[in-house]
Amino acid sequence: MSEASCPSVSYEMTGDVAAVRLDDGKVNVLTHEVIAALHDCLDRAEQEAKAVVMIGRPGKFTAGFDLKVMQSGPDAASGLFRAGMDLFVRLYEFPIPVVAACTGHAFAAGAIWLMSCDVRIGADEPTKIGLNETAIGMVLPASVVTLARDRLSPRHVHSSVLLARLYSPSEAAEVGYLDWVVPTEELEEAAISEAAGLAEGLALKAFAGTRRVIRGPVAESVREMLDHDTRSFTVGLS
C-alpha cells in the first residue's frame, strides 16, 4: 500500500483492482488536499487498473466538505464545492468501473460521492446517508439535483433533495444511494470482489463507450450548471 499526495489517502493494487482508501482518523472530511490526492489515485488507476474501489474509514465514509473551509467565506466555500464536484463528475464518467465501499456515515458531499459511483455497497451499521443541505441552511445546487434525479429512485428524489431525509444503510439501498448492504466485516472483501468481477467480466472499451452514451448527456448538463452553481453556492447558506 502506498500513500498518495496526502497522508489520509492511500492506494493499493489487488490484482486488477485499485483500492483507494480515505482515512483521516476522524470523520473523513473532504479538503482540497484530499480531493487532489484522490485525483492522483484516479490518474494511476486509469493507467494500471481495470476497476476501482473507494473505501472509507470504519463508521465514516465521509462527513462531506470541510466545514472550516465552507464557513470561512464565499470564495473558499465555492472553491471547495467546485473542486469536489469536478471530482464527482470525473467519477461519474470514469472509463473503468468504480465501486464504493460505504463504511459508515455519508452526508452531503458523501452522498454525492456515492451517487457518482457505479456500484455502492454499504456496511450494515447504525449510520446515516443522505443530502442534508436544506437541514443545515444550504440551497442544493442544480448540478447536484441533476445527479440525484439520475441515480436515486424517482419516488424518493423529493424527500431526499428537498426534505433532507437521512437514511439507514438498508433504507439507502431502497432510495438509491446504495445498491446493497453486507455485514460490516464482509464489506471490504465484498467490494473488492465485486470490482474484480467487473474488471474480468466487462470489455472495458465497450464499457467506456456505453458509459458515454448513458451518462454523457447528464454529465454535460451538470457541467453547464456548475459555473452558475459555483457563483451562487453560498447564497443559501444560513
Side-chain angles (χ1 to χ4, degrees), residues 27-30 54 56 60-65 67 70-71 77-78 80-82 84-93 98-100 102-181 211 213-238:
V27 296
N28 270 7
V29 295
L30 296 177
M54 310 199 86
K60 306 285 191 305
F61 186 63
T62 174
F65 294 127
L67 283 179
M70 301 306 283
Q71 295 172 349
S78 61
L80 186 56
F81 164 75
R82 181 58 184 260
M85 287 301 297
D86 286 342
L87 172 67
F88 300 144
V89 174
R90 182 182 185 185
L91 286 171
Y92 183 78
E93 295 188 293
V98 181
V99 177
C102 184
T103 49
H105 294 297
F107 301 131
I112 304 170
W113 189 350
L114 292 175
M115 293 191 297
S116 302
C117 297
D118 296 302
V119 179
R120 296 77 44 88
I121 307 173
D124 188 10
E125 289 278 329
T127 54
K128 295 296 182 181
I129 297 167
L131 297 164
N132 62 336
E133 279 82 353
T134 62
I136 61 174
M138 296 170 61
V139 175
L140 205 62
S143 52
V144 177
V145 175
T146 298
L147 284 175
R149 285 177 171 153
D150 183 60
R151 296 309 313 279
L152 300 184
S153 167
R155 70 190 187 94
H156 290 289
V157 169
H158 180 274
S159 294
S160 299
V161 169
L162 187 58
L163 304 184
R165 301 288 193 208
L166 296 178
Y167 303 96
S168 69
S170 59
E171 292 168 337
E174 179 182 352
V175 172
Y177 290 115
L178 299 177
D179 292 294
W180 66 87
V181 177
R211 187 195 283 295
V213 173
I214 194 171
R215 289 192 173 179
V218 176
E220 183 178 354
S221 295
V222 169
R223 285 197 178 91
E224 289 174 353
M225 296 170 183
L226 269 176
D227 286 340
H228 175 269
D229 285 350
T230 302
R231 289 192 302 270
S232 61
F233 182 71
T234 58
V235 170
L237 286 172
S238 59

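Thr134 places a side-chain N or O within 3.5 Å of a backbone atom of Leu162 that can act as its donor or acceptor partner. Ser153 places no side-chain N or O within 3.5 Å of a backbone atom of Gly176 that could act as its donor or acceptor partner. Side chain of Thr103 to main chain of Lys60: a donor-acceptor pair is present (N/O by atom type, distance under 3.5 Å, no hydrogens or angles). A donor-acceptor pair under 3.5 Å is absent between the side-chain atoms of Asp229 and the main chain of Pro141, judged by distance alone.
For the pair Trp113/Leu30, a side-chain contact is recorded, criterion being any heavy-atom separation below 4.5 Å from C-beta on. Tyr92 places none of its side-chain heavy atoms less than 4.5 Å from the side chain of Met115. Using a 4.5 Å heavy-atom threshold, the side chains of Met85 and Leu147 count as touching. Looking at His156 and Arg165, their side chains never come closer than 4.5 Å, going by heavy atoms from C-beta outward. Annotation: side chain of Leu114 is in contact with side chain of Phe61 (closest heavy-atom distance under 4.5 Å). Counting heavy atoms from C-beta on, the side chains of Glu133 and Val144 never come closer than 4.5 Å. Considering only heavy atoms from C-beta on, His158 comes within 4.5 Å of Leu163 through its side chain.
Atoms OG1 and CG, on Thr230 and Asp86 in that order, are 7.5 Å from each other to the nearest 0.5 Å. Note that the CG atom of Leu152 and the CD atom of Glu174 stand 12.0 Å from one another [nearest 0.5 Å]. Taking CG of Leu131 as the start and CZ of Phe107 as the end, the distance is 11.5 Å to the nearest 0.5 Å. Interatomic distance, CG of Asn132 versus OG of Ser160, reported as 11.5 Å (0.5 Å rounding). One finds the CG atom of Leu226 at 9.5 Å from the OG1 atom of Thr146 (value rounded to the nearest 0.5 Å). Atom SG of Cys102 is separated from atom CG of Leu178 by 5.0 Å, given to the nearest 0.5 angstrom.
The nearest pair of heavy atoms linking Gly64 to Ala109 is CA-CB, 3.8 Å. Shortest non-hydrogen contact noted between Ala148 and Val161 is CB-CG2, 3.8 Å. The two atoms that bring Pro169 and Val181 nearest to each other are O-CG2, 3.4 Å, heavy atoms only. Summarising the geometry of Pro217 relative to Val213, their closest heavy-atom pair is CD-O, 3.5 Å, with the distance given to 0.1 Å.
For residues 110-129, the set of pairs meeting the salt bridge (charged side-chain N to carboxylate O under 4.0 Å, His left out) definition, not counting sequence neighbours, comprises Asp118-Arg211, Asp118-Arg215, Arg120-Asp179. Listed by first then second residue, pairs satisfying salt bridge (charged side-chain N to carboxylate O under 4.0 Å, His left out) with a partner in residues 143-152 number zero, not counting sequence neighbours.
Paired with Ser143 under the rule side chain to side chain contact (heavy atoms under 4.5 Å, CB included), one option of Glu224, Met225, Arg82 passes, and it is Met225.
In this structure, Tyr167 and Tyr177 have tilted ring planes: the angle between them lies in the 30° to 60° band. The aromatic rings of Phe65 and Phe81 stand perpendicular to each other, their planes meeting at an angle above 60°, with 30° marking the opposite boundary.
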I'd like to know whether Val222 forms a side-chain contact (heavy atoms from CB on, under 4.5 Å) with Glu93, so could you lay out the CA-CA distance, the side-chain angles of the two residues, the decisive distance to 0.1 Å, and finally the verdict. CA-CA 12 Å; Val222 169; Glu93 295 188 293; over 6 Å; no

